[in-house]
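Working notes, beginning with the structure itself.
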Amino acid sequence: MPARYFRNRLPDYVPGTPVAVDVPHTLQTFSAVLREVLGASSRKPSVYTGAVGVAYALWHCARHVQQLAPAATEADLLGSAERYARAALEGIASQPPDHYGWSLLAGHAGVYATAALVFDAAAAAAERHGRGSAAEGLRVEREQCVQHYAALSSLAASSACQEDEVLYGRSGYLLGCLLLDRHLSAGSLRVTGDAMQMVVQAVIASGRRLAGRLRDRSTFPTPLFYMWPPGPDASPYLGAAHGLMGRRQAAAAPGCPSPLWFQWHGKPYLGAAHGMTGILFALLQLPEAVAAIPGAQADVEAALRYVLTLECDAEGLPGQGGHYPTQMGPWRDREPLVHWCHGATGAVFLFCQAAASLGPQAGAPYLAAAQRAGQSVWERGLLKKGPGCCHGVSGSVYALLRLHKATGDARWLHRALQFAAFMEGREFIEGARTPDHPLSLFEGGAARLCLLADLAGGPQSAAFPMFEVEF
């Protein structure tokens with residue numbers, strides 16, 4: 001039995017078979033999961049594992065309130081979302097924003113963005129029900145949250161921020177800007193284009209700077225370079241046992257195969273949470289900001305092509321096997337992960353976005369790569385780490401739903417529904433691990449709540465929470 005995932009024994013799609021969501025059953029399951037999630041602690045403020053992640057999930061569900069009736073009402077969903085959002089705002093009130101304050105998933109930015117979305121939706125609901133004074137107060141709070149979010153752009157673009165990735169860094173901040181721009185009511189404040197441009201410029205400059213260092217012979221003055229042990233934890237040893245002194249065969253100098261290169265905590269991660277996959281996913285959705293930087297569009301497209309060259313099989317060997325290593329560079333994982341944070345699941349979102357951004361001809365290789373990655377998700381995406389979206393089954397379902405939206409192929413919807421149903425079965429309930437934060441958005445039940453609401457509301461409107469901004 002594999003250690004990281006359940007063996008997939010689910011029936012695959014039979015061409016020509018109708019595929020549809022069982023809405024009554026989905027609503028029944030949604031009601032049960034909602035009761036569990038509303039018991040989540042409000043002590044920790046973050047999106048990833050804390051109170052504001054639950055607030056986001058409830059706001060996400062409220063978008064489908066008509067389809068969720070009678071399992072949930074708008075008043076209940078938004079009222080509870082307000083409660084969690086206010087708890088998170090209180091939680092960050094005494095915390096300085098200069099330590100990951102710009103982080104969408106782990107810092108102040110995620111709290112302000114989610115609270116703005118919640119207050120905006122609550123204000124609209126209050127207005128519809130004739131509570132004009134309450135609506136006005138909520139709009140004032142919304143604007144304050146947007147102002148606080150926008151103010152973090154200067155930190156995100158500065159040297160105080162050393163991270164470019166999604167979870168802790170600039171790319172997550174940019175996705176938050178897009179989320180607010182797409183979903184706040186007309187007339188609300190937005191993060192200005194100049195502020196977003198400043199952050200995009202910082203991402204591109206950072207990627208170019210590190211790529212340049214790796215190409216610089218003063219950084220790597222030898223034409224031969226070796227790392228040990230094999231894999232992502234390799235180090236450049238010198239000695240006879242593990243290093244250059246004991247080598248007989250030549251190896252290529254490390255160089256840099258991409259015009260953009262990124263690291264997190266000193267490691268060149270590839271995945272959607274900490275690496276190039278998530279960074280490019282964000283940049284592709286800001287084409288005007290990228291185009292305003294000379295040569296940046298070419299650099300982004302070259303970096304995309306480089307990511308495509310890292311595709312490997314389930315044993316980490318190069319080839320079109322639909323898997324991706326944890327890190328960029330010459331090393332390979334012995335068994336690549338199939339998570340949103342690391343591996344094929346996150347690659348699905350990047351390549352679907354690349355196909356949409358680059359158009360039918362230039363995007364065709366990326367759509368094909370997305371489907372190969374989707375096949376890996378189908379084979380190894382029944383993860384044992386729980387129902388979350390980061391490294392759990394809900395993340396796998398969202399990748400399959402993204403492929404259904406990108407291709408229109410019913411096979412991907414069938415597979416997504418099979419995975420969603422698997423979380424109700426005895427094998428998953430008894431065999432899955434209990435996450436550290438079992439009701440949270442990125443590790444636990446709040447992710448599944450979003451998923452069930454998206455299925456009830458219509459799979460075409462499904463969106464990976466706090467990552468996909470168009471839904």
Side-chain angles (χ1 to χ4, degrees), residues 164-166 169-175 177-178 193 196-215 254-264 268-312 318-320 322-325 327-330 343-344 346-374 399 402-403 406-407 467-470:
D164 296 293
E165 37 85 90
V166 166
R170 296 180 175 117
S171 295
Y173 181 83
L174 290 169
L175 289 175
C177 293
L178 293 173
M196 286 191 279
Q197 182 70 52
M198 183 170 58
V199 180
V200 170
Q201 177 70 50
V203 174
I204 297 294
S206 175
R208 285 173 168 173
R209 185 165 54 248
L210 186 52
R213 281 181 54 210
L214 294 177
R215 285 192 295 267
C256 186
S258 168
L260 302 176
W261 196 261
F262 301 96
Q263 293 184 352
W264 185 73
Y269 285 109
L270 174 61
H274 295 303
M276 181 91 88
T277 294
I279 294 167
L280 294 178
F281 178 78
L283 292 176
L284 285 169
Q285 296 176 75
L286 290 154
E288 293 182 2
V290 171
I293 302 168
Q297 182 62 36
D299 286 351
V300 168
E301 292 184 21
L304 263 175
R305 291 192 293 272
Y306 169 67
V307 172
L308 208 54
T309 69
L310 298 177
E311 186 175 0
C312 58
Q320 292 190 335
H323 288 272
Y324 290 84
Q327 294 187 31
M328 302 182 290
V348 167
F349 294 96
L350 172 61
F351 292 142
C352 284
Q353 185 63 51
S357 297
L358 299 178
Q361 186 171 353
Y366 297 105
L367 188 58
Q371 293 183 81
R372 293 193 298 272
R402 179 64 186 251
L403 280 166
T407 66
F467 185 62
E468 292 186 275
V469 299
E470 296 284 0

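Heads up: numbering here begins at 1 and tracks the sequence.
- Using a 4.5 Å heavy-atom threshold, the side chains of Ser171 and Glu165 count as separate.
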Audit row: Leu260, Leu210, side-chain contact (heavy atoms from CB on, under 4.5 Å) steps and yes/no: CA-CA 7 Å; Leu260 302 176; Leu210 186 52; over 6 Å; no
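- No side-chain heavy atom of Leu403 sits less than 4.5 Å from a side-chain heavy atom of Phe349.
- Partner of Leu174 under the side-chain contact (heavy atoms from CB on, under 4.5 Å) criterion, chosen from Val200, Asp164, Ile279, Val166: Val200.
- Residue Cys312 holds its SG atom at 8.5 Å from OH of Tyr324, rounded to the nearest 0.5 Å.
- The backbone N or O of Gly346 lies less than 3.5 Å from no partner atom in the side chain of Thr277, so there is not a single donor-acceptor pair.
- For the pair Ile204/Leu283, a side-chain contact is recorded, criterion being any heavy-atom separation below 4.5 Å from C-beta on.
- Ring geometry for Trp264 versus His274: interplanar angle under 30°, hence parallel rather than tilted (30 to 60°).
- Listed for the Thr309 side chain is a donor-acceptor partner under 3.5 Å among the backbone atoms of Tyr306.
- Between Ile293 and Gln197 there is a side-chain heavy-atom pair separated by less than 4.5 Å.
- Here the shortest heavy-atom pairing between Ala369 and Phe351 reads CB-CD1, 3.8 Å.
- Closest approach of Ala296 and Arg208 over heavy atoms only: N-NH2, 3.2 Å.
- Heavy atoms only, all atoms of each residue included: Ala272 and Phe467 are closest at CB-CZ, 4.3 Å.
- Glu311 places a side-chain N or O within donor-acceptor distance of the main-chain N or O of Gly322, the cut-off being under 3.5 Å.
- Between Arg215 and Pro259 the shortest heavy-atom distance is NH1-CA, 4.0 Å.
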side-chain contact (heavy atoms from CB on, under 4.5 Å) between Leu175 and Phe281, intermediate numbers included: CA-CA 9 Å; Leu175 289 175; Phe281 178 78; 4.2 Å; yes
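- Evaluation of the side-chain hydrogen bond (donor to acceptor under 3.5 Å, both in side chains) rule for Arg402 yields Gln353, Glu468 as partners, not counting sequence neighbours.
- Between Leu270 and Gln327, the closest side-chain pair of non-hydrogen atoms is not below 4.5 Å.
- The two residues Leu358 and Gly363 have their closest heavy-atom pair at CB-N, 4.0 Å.
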Full working for side-chain contact (heavy atoms from CB on, under 4.5 Å) between Arg305 and Ser258: CA-CA 9 Å; Arg305 291 192 293 272; Ser258 168; over 6 Å; no
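- Between Ser357 and Pro287 there is no side-chain heavy-atom pair separated by less than 4.5 Å.
- The shortest distance between side-chain heavy atoms of Leu284 and Val290 does not fall below 4.5 Å.
- For Met196 against Cys177, the heavy-atom pair with the smallest separation is SD-CB, 3.4 Å.
- Not counting sequence neighbours, the partners of Glu301 by the side-chain hydrogen bond (donor to acceptor under 3.5 Å, both in side chains) test are Gln297.
- Looking at residues two or more places apart in sequence or on another chain, you find no side-chain hydrogen bond (donor to acceptor under 3.5 Å, both in side chains) involving Thr407.
- Annotation: side chain of Trp261 is in contact with side chain of Pro268 (closest heavy-atom distance under 4.5 Å).
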